[in-house]
Amino acid sequence: MRAMILAAGLGTRMRPLTLTTPKPLLTLGGRSLIEYQIENLLRAGVTKIVINHAWLGEQIEAKLGDGSDFGAEIVYSPEDEPLETAGGVRKALPWLASEGDAPFLLVNGDVFTDADYSSLNVNLSNDKLARLWLVPNPQWHIEGDFHLRVDGTLSPDSGLRFTFAGISLLRPSLFTHLPLNEPHPLAPVLRKIIQQGAAEGAILPGYWNDIGTPERLAQVEEHLSKRNLV
């Protein structure tokens with residue numbers, strides 16, 4: 001299985017921390033956010049990883065190199081301007097789709113979780129195009145993103161509503177219709193297949209946080225400190 005780590009955001013809400021450092025390289029306990037993601041993917045046996053980047057992306061390449069120091073094979077998909085999530089995937093699609101329509105893991109480079117990726121179900125049935133991992137709605141996103149039914153399918157309007165964790169299993173064919181090198185968000189792509197009944201969801205176990213503000217970065221530091229991991 002292959003994976004893509006999304007690392008092309010501008011990190012504007014994290015300023016001034018991100019004025020000179022791309023958000024995925026902000027550190028927690030001496031390691032960058034993106035290193036936590038790489039190590040988690042490796043625990044799941046995923047060693048082939050593509051990383052997109054834009055703002056200060058050369059720092060990401062200098063920090064991670066070709067991935068050999070981690071025991072991974074890392075390639076990069078640079079973007080002159082951020083292409084948003086789906087647009088970034090579309091640009092990297094030739095690499096992601098080198099195994100046909102086999103699903104790949106897509107993870108946000110700025111989320112932190114202690115959920116072990118090796119425990120996640122990464123088998124996707126032939127009639128499904130995506131599996132999204134969800135979390136209970138945090139205070140800053142109380143409205144949530146997607147409805148999850150008790151049978152594990154995602155619905156446009158029925159079931160409990162949860163927040164997307166920024167971790168998903170997707171088929172390359174979801175993105176082949178998108179124009180190349182044009183910004184495109186992921187949400188419309190997902191909502192279309194949810195309408196078609198082709199997406200399923202699962203609750204992500206353990207601690208999770210979307211590090212979108214300095215306050216949330218401090219929250220993760222506190223969480224790690226309590227677990228004696230910092």
Side-chain angles (χ1 to χ4, degrees), residues 4-19 21-37 39-41 55 82 84-86 88 105-117 119-121 130-170 185-191 193-194 199-230:
M4 180 172 186
I5 301 177
L6 298 168
L10 297 176
T12 53
R13 291 178 299 164
M14 293 294 290
R15 292 178 179 175
L17 298 177
T18 51
L19 287 175
T21 303
K23 185 163 61 168
L25 290 189
L26 297 179
T27 57
L28 288 167
R31 285 182 291 172
S32 64
L33 299 178
I34 200 167
E35 285 179 274
Y36 282 101
Q37 289 287 13
E39 291 164 1
N40 210 347
L41 289 168
W55 173 248
E84 300 193 52
T85 302
L105 279 168
L106 181 70
V107 298
N108 290 359
D110 57 359
V111 299
F112 178 87
T113 181
D114 57 14
D116 193 328
Y117 290 169
S119 69
L120 303 182
N121 178 10
R131 178 181 298 117
L132 312 183
W133 279 273
L134 310 170
V135 295
N137 301 326
Q139 187 175 10
W140 44 266
H141 192 58
I142 198 66
E143 70 275 14
D145 296 306
F146 301 107
H147 291 91
L148 179 65
R149 293 172 172 155
V150 293
D151 65 356
T153 58
L154 296 174
S155 165
D157 50 20
S158 65
L160 295 178
R161 195 167 172 88
F162 293 93
T163 291
F164 179 39
I167 302 165
S168 53
L169 185 68
L170 306 169
L186 181 60
V189 175
L190 296 177
R191 292 194 181 103
I193 63 169
I194 289 172
E200 55 192 19
I203 301 300
L204 186 74
Y207 178 85
W208 172 91
N209 207 327
D210 177 358
I211 306 175
T213 65
E215 292 74 22
R216 290 183 220 154
L217 184 66
Q219 289 171 5
V220 179
E221 285 276 14
E222 182 180 4
H223 169 77
L224 292 175
S225 179
K226 288 179 178 177
R227 295 183 56 205
N228 296 318
L229 295 178
V230 174

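Just so you know, these numbers use all the heavy atoms, side chains as well, and skip hydrogens, waters and symmetry mates. Along the sequence shown, the residues carry numbers beginning at 1. All values reported here derive from a predicted model rather than from experimental measurement.
At distances below 3.5 Å, not a single donor-acceptor pair connects side-chain atoms of N108 with backbone N or O atoms of D110. Although no hydrogens or angles enter the test, the distance criterion places a donor-acceptor pair under 3.5 Å between the side chain of D145 and the main chain of F164. In this structure, the side chain of T113 engages the main chain of Y207 through a donor-acceptor pair within 3.5 Å. Looking only at distances, a side-chain donor or acceptor of N40 sits under 3.5 Å from a matching main-chain atom of A115. Judged purely by atom type and a 3.5 angstrom limit, R131 has no side-chain atom pairing as donor or acceptor with the backbone of G201. Between the side chain of N209 and the backbone N or O of V220, no donor-acceptor pair lies under 3.5 Å.
L170 CG to L105 CG: the interatomic distance, rounded to the nearest 0.5 Å, is 8.5 Å. Atoms OG and CZ, on S155 and R161 in that order, are 10.0 Å from each other to the nearest 0.5 Å. Atom CG of residue L41 and atom CD1 of residue I167 lie 9.0 Å apart, to the nearest 0.5 angstrom. With rounding to the nearest 0.5 angstrom, the OG1 atom of T163 is 6.5 Å from the CH2 atom of W140. To the nearest 0.5 Å, the span separating CD1 on I34 from CG on L26 amounts to 11.5 Å. Here OG1 of T27 is found 9.5 Å from CG of L25. Values are rounded to the nearest 0.5 Å.
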Side chain to side chain contact (heavy atoms under 4.5 Å, CB included) evaluation trace for L28 with E221: CA-CA 6 Å; L28 288 167; E221 285 276 14; 3.3 Å; yes
Side chain to side chain contact (heavy atoms under 4.5 Å, CB included) assessment of W133 paired with I203: CA-CA 6 Å; W133 279 273; I203 301 300; over 6 Å; no
Trace of the side chain to side chain contact (heavy atoms under 4.5 Å, CB included) decision for L186 with E84: CA-CA 8 Å; L186 181 60; E84 300 193 52; over 6 Å; no
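Contact between V135 and A165 at its shortest, heavy atoms only, is CG1-CB, 3.9 Å. Contact between L120 and L204 at its shortest, heavy atoms only, is CD2-CD1, 4.1 Å. Here the closest heavy-atom approach between residue V189 and residue A86 is recorded as CG2-CB, 4.3 Å. Between P156 and I194, the shortest heavy-atom contact is N-CG2, 3.6 Å. What you find for G144 and N137 is that their closest heavy atoms are CA-OD1, 3.2 Å.
Y36 and F112 have their aromatic ring centers within a separation under 6.0 angstrom.
A donor-acceptor pair shorter than 3.5 Å can be found between the side chains of R149 and S158. With no hydrogens or angles considered, a side-chain donor-acceptor pair links S32 and E35 at under 3.5 Å.
You'll find the side chain of Y117 reaches within 4.5 Å of the side chain of Q37, heavy atoms only. Using a 4.5 Å heavy-atom cutoff, the side chains of L190 and L154 are not in contact. At a threshold of 4.5 Å between non-hydrogen side-chain atoms, the residues L148 and L160 do not count as touching.
Residues that satisfy the side chain to side chain donor-acceptor pair (under 3.5 Å) test with D114, not counting sequence neighbours, are H223, R227.
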